[in-house]
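Below is one structure, written out as structure tokens; the observations come after it.
Throughout, a chain's letter reflects where its sequence line sits, starting with A, and its residues are numbered from 1.
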Amino acid sequence: MNIFADFAERISAVVAALGLEPEAGALDLSRVTVEPPRDAAHGDLATNAAMVLSKQLKMKPRDLAEKIAEGLRSDSDVAAVDVAGPGFINIRVNPVVWSRVLGAVVSARQNFGRSARGQNTKVNVEYVSANPTGPMHVGHTRGAVVGDALANLLSFAGYDVTREYLINDAGSQIDVLAQSAYLRYLEALGEDIGEIPEGLYPGEYLIPVGQSLKEEFGASFKDKPEAERHAFLKDFTVSKMMEMIKADLDLLNVHHDVFYSEKSMHGEGKAIDLTLDSLRARDLVYQGTLPPPKGELPDDWEDREQTLFRSSNYGDDIDRPLVKSDGSYTYFAADVAYFKDKLDRGFKEMIFILGADHAGYVKRLEAVGRAVSGGSAEVICRLCQLVKLFRAGEPVKMSKRSGNFVTLRDVVEEVGRDPVRFMMLYRKNDAHLDFDFQKVTEQSKDNPVFYVQYGHARCKSVLRQAAEELGGLSVFPEGLRAADYALLEDEGEQNIIAKLAQWPRIVDGAAEAHEPHRVAFYLYELASALHGHWSKGKEKPQLRFINDKKPELTLARLALVYAVSQVIASGLKVLGVDAPEEMR
RNA sequence: GCACCCGUAGCUCAGUUGGAUAGAGCGCUGCCCUCCGAAGGCAGAGGCCAUAGGUUCGAAUCCUAUCGGGUGCGCCA
């Protein structure tokens, strides 16, 4: 139940009933909005309908507003309608509307706010896709959390979501990885390998890989022919790395549906070959030369003819190469084929959660989307900016050399999963993020994670207390449906209900904009409304939720508290954060 | 040089897709516990929304230019 969408329909009906002739055929209602007014004194709902439609209907905004207002006044749910400013229509609804909202939450529980706007559209969210050459580090964390929460959000908003991870198991970095693992194998056999040579992966996480090679093959693996050995090592090491990465992701409660191997697309007659052939037939792939890159010229740059994709026809700055000088495919070629594969699997939206260092990649991905799908599917890229780590205000130093970086595991084990997830979502994805190890574990209102979770725990605490004091309340939550919500007349209570009523609207808006951070901010506001009202009970005991002299009022208030707990829990679930029964 | 992202309170950031008098938290100045969790709440001070034009009933939001910060710029993934 979304009262904003509901009233938007009623307003459309009123406008239609006016019988006015639109200037150009059908009336365009797309710009009409119904929102909570910025200032609550203006009413419960506000619409810009008159201002947006005045031109089409050839009327002055204020005159049209008066007409629409007149029509709305006959609605039995409407208490008052005012026309204000340049033509705003402010609506105050009857208490029965708020009762309905509360009843809807109590009945739907954590399904309140679930939406059908996605209409089961097939959406693919690709996120993380970290190279399988080592453990996840903090840099990957934000993308993992944002992608996962976005997937949850879209699913809650009625989309058919697939969570996907592309394993980059085909590039030259995998050769290096295999060589590095081989050294660790020799080391496990007791050989002195000395320092890991420059250019190989020095991280200690490869030591167990060497160990398990030894356990499996003893010393015999050393004697296999080089080519056979190397091919096996690549697969073996990648699968070990993926095990490690999956374990890291599990710490964050991030789980993908599909792990797609880049390697599976390479090779004669495989996906990349086939895709490029089909694009060649459409003249999207051709042989040609590119102008030299701007800025600092690479040492080994030479002008040569190469295989190019016509991405510049689709909004990219230049055409992009598909084949390297050694004849193998570029990463971009794999991406083209990968997109085609997603298209063939029926996805209508391909969402990519990328690190900020991939900003330059967005245009060409979008170009691929337009060129390959012909507009039947959309590419949506979200960039995640860098996370800066702090400890009590001091920047945390880390060096990427020698494998000495802060890992995802370090962070989660130190501060816990919930603070990591929440804080990564408490910012727009394209804004820089400061993450302070100390602050996020504080149990105070300075810490938004705690503040929201505390709101939930407080609700649960009240409900526990009520069950104890009032004994016969074993019937709730079922019994709460029978409560008389009209008894909730206090401003603070109504303020909370109004916030609850916004939840479905927040879900739709956040899903449409692909911005899960809006959910985090909404939860903060809802928690704030609760905490604020709670404290009024300090000064005015008659406002406390439990009042043993007034069982009916208490029941209604418990319904309110229960509703808040359900919406907070449901919002936190979208974010992938726990809703604790009590804080400890 | 080009492309993309970002410039909002002293600091860190929201801003309902173009709406009314621009909002939070931190920090600062003061208040509020005989009490369902003070692990909280209330109030005050603090703004040329980087700058200059434009679009319209109306701009922090859209367009153009400028300034400032970040990122990237065949054959790395």
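Within 4.0 Å of Gly532(A), counting heavy atoms only, lie sugar-phosphate atoms of the nucleic acid but no base atom. Residue His533(A) is classed as having no contact, given no heavy-atom separation below 4.0 Å to the nucleic acid. Using a 4.0 Å heavy-atom criterion, one finds that Lys428(A) contacts the sugar-phosphate atoms exclusively.
Summarising the base pairing, A65(B) is matched to U51(B) through a Watson-Crick or G-U wobble pair whose two defining distances lie under 3.5 Å.
Base orientation of U17(B): syn, since the glycosidic angle falls within 90° of 0. Within 90° of 0 lies the glycosidic angle of C33(B), which makes this nucleotide syn.
The base of A77(B) does not come close enough to the side chain of Asp357(A) for any donor and acceptor atom to sit less than 3.5 Å apart.
The gap from the C1' atom of G15(B) to that of G23(B) amounts to 7 Å, rounded to the nearest Å. For the C1' atoms, the distance linking G27(B) with U34(B) amounts to 33 Å, nearest Å.
Between the side chain of Asp82(A) and the main chain of Ala84(A), no donor-acceptor pair closer than 3.5 Å is present.
Using cut-offs of 30° and 60° for the angle between ring planes, the Trp503(A) and Tyr522(A) rings count as parallel.
Stacking between His531(A) and G40(B) is absent: the ring centroid is not both under 5.5 Å from the six-membered base ring centre and under 30° in plane angle.
Spacing between atom NZ of Lys540(A) and atom P of C33(B) amounts to 16 Å, rounded to whole angstrom units.
In this model, the phosphate group of A38(B) is approached by a side-chain N or O of Arg458(A) to a distance below 4.0 Å at OP1 or OP2.
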